[in-house]
Number of protein chains: 2
Amino acid sequence: MSELKKRSSCPVSSSLDIWGDKWSLLIVRDLMFAKQCTYGDFLKSAEKIATNILASRLQMLEENGIITKLEHPDSKAKVLYKLTQKGIDLLPLMVEINLWAEKYFSLPKDRLAIITEVKKDKEGFLKATTKELQRNSNLT
Amino acid sequence: MSELKKRSSCPVSSSLDIWGDKWSLLIVRDLMFAKQCTYGDFLKSAEKIATNILASRLQMLEENGIITKLEHPDSKAKVLYKLTQKGIDLLPLMVEINLWAEKYFSLPKDRLAIITEVKKDKEGFLKATTKELQRNSNLT
DNA sequence: ATAATAAACTTGCAAAATGCAAGTGAATAA
DNA sequence: TTATTCACTTGCATTTTGCAAGTTTATTAT
């Protein structure tokens, strides 16, 4: 399917060429929350992504090194997806999205709770969460 | 045209509902660089946005309070667009996109120069740039 | 004053991406 | 061995994008 064509050499444009659509960052979000997800897990998310779109986004994100597949320990029928380092490095961006949203939307309180945590010590949160995601990354 | 329908109450999802497409953040980028742009200025950007898409994005961004129109001092035929505070608040997000991109793409050196600046003192850069954009905001 | 140019869009249509519903095929569970 | 689960695929309608050619109002040149 997807051949990545760069519109320009601008960092913002190049980034959007990869994950600049309505769905990709939601997949990344799910992986940041859950560390690893199956195909079915993504389908269960609140936004109700269509299965064909999910498949094409997962492929795109994998081709661009944001996520990887791995075997599910329990079953060959299942596939686990997780973030690569390149994907984990989207965490600061994800945090800023949340901080911006908190200023301009009214959010459910479980989400607000996390954002409040982040605001208390952004650097600390980033370090800790990055580490957690990386740890998960290493136990194959 | 655009009636904003939220897919969920998630901050990431709500944010993407507004600017989660291939073009909106490029418009914001242009405004962060140039402080204010005419319709024609946007068309001149490297990525070559189609004029109808530009019109619909500008409308969307205006409806959602990210940008505003103002009269051009030189001519009634021209229109100036600038960021609102809500738009200016996307700066930290924009900065993180640049930092991520710098890690994973090879960028033109003028862009690298700015990113290097940012890395030296992120907080300082954010404060200074926000102030500049706000200053511009206030002289109607 | 009149005609030509420019600036900000609009319109029409083809092509691509999205969304929905119903498959398919391999693997596990009953 | 049959049924169910899981990860996708496929087909088709709808929506969005992209391209090219207008249209309209405002300025500039004659």
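First the proteins, then the strands, lettered A, B, ... as listed; each starts at 1. No experiment lies behind these values; they were computed from the predicted model shown.
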Which residues share a salt bridge (charged side-chain N to carboxylate O under 4.0 Å, His left out) with [X], sequence neighbours left out:
{"X": "B:Glu62", "result": "none"}
{"X": "A:Lys122", "result": "A:Glu96"}
{"X": "A:Arg7", "result": "A:Asp17"}
{"X": "A:Lys109", "result": "none"}

Those residues of residues 43-54 of chain A lying under 4.0 Å from DNA chain D by at least one heavy atom: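 Residues of residues 43-54 of chain A that come under 4.0 Å of DNA chain D are, in numerical order, A:Thr51, A:Asn52.
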Rounded distance in Å - [atom1] ([X]) to [atom2] ([N]):
{"X": "B:Gln36", "N": "C:dA7", "atom1": "CD", "atom2": "C1'", "result": "17 Å"}
{"X": "B:Leu16", "N": "D:dT16", "atom1": "CG", "atom2": "C1'", "result": "17 Å"}
{"X": "A:Arg7", "N": "D:dC19", "atom1": "CZ", "atom2": "P", "result": "12 Å"}
{"X": "B:Asp17", "N": "D:dT16", "atom1": "CG", "atom2": "P", "result": "13 Å"}
{"X": "B:Tyr39", "N": "C:dC9", "atom1": "OH", "atom2": "C1'", "result": "5 Å"}
{"X": "B:Met60", "N": "D:dT15", "atom1": "CE", "atom2": "P", "result": "16 Å"}
{"X": "B:Glu71", "N": "C:dA7", "atom1": "CD", "atom2": "C1'", "result": "15 Å"}
{"X": "B:Lys22", "N": "D:dT15", "atom1": "NZ", "atom2": "C1'", "result": "17 Å"}

List, with names and distances, any nitrogen or oxygen atoms from the protein found under 3.5 Å away from nitrogen or oxygen atoms belonging to nucleotides 1-5 of chain C.
none

Phosphate OP1/OP2 of C:dG19 contacted by A:Trp23 side-chain N/O (<4.0 Å):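 Answer yes for this pair, as a side-chain N or O of A:Trp23 is under 4.0 Å from OP1 or OP2.
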Other residues, nucleotides, ligands: >12 heavy atoms within 6.0 Å of A:Lys6 NZ: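 Yes - once you tally the heavy atoms of other residues, nucleotides and ligands closer than 6.0 Å, there are more than 12.
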Sugar-phosphate, base or nothing in reach of A:Tyr81, heavy atoms under 4.0 Å: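 Since only primed, P, OP1 and OP2 atoms lie under 4.0 Å of A:Tyr81, the category is sugar-phosphate.
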Partners passing side chain to side chain contact (heavy atoms under 4.5 Å, CB included) against B:Lys120 (at least two apart in sequence or in another chain):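 Partners of B:Lys120 under the side chain to side chain contact (heavy atoms under 4.5 Å, CB included) test: B:Thr116, B:Glu117.
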Closest-nucleotide 5' rank along DNA chain D - winner of B:Arg57 and A:His72: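 Nearest nucleotide further toward 5': that of A:His72.
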For [X], all residues meeting side-chain hydrogen bond (donor to acceptor under 3.5 Å, both in side chains), sequence neighbours excluded:
{"X": "B:Thr129", "result": "none"}
{"X": "B:Lys103", "result": "A:Asp89"}
{"X": "A:Glu102", "result": "A:Lys119"}
{"X": "B:Ser24", "result": "B:Asp21"}

Between B:Tyr104 and A:Ser14, a side-chain donor and acceptor under 3.5 Å: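 No - no donor-acceptor pair under 3.5 Å links their side chains.
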Between the protein and nucleotides 23-28 of chain C, list every N/O to N/O distance that falls short of 3.5 Å.
from	atom 1	to	atom 2	distance (Å)
C:dT28	OP1	A:Lys76	N	2.4

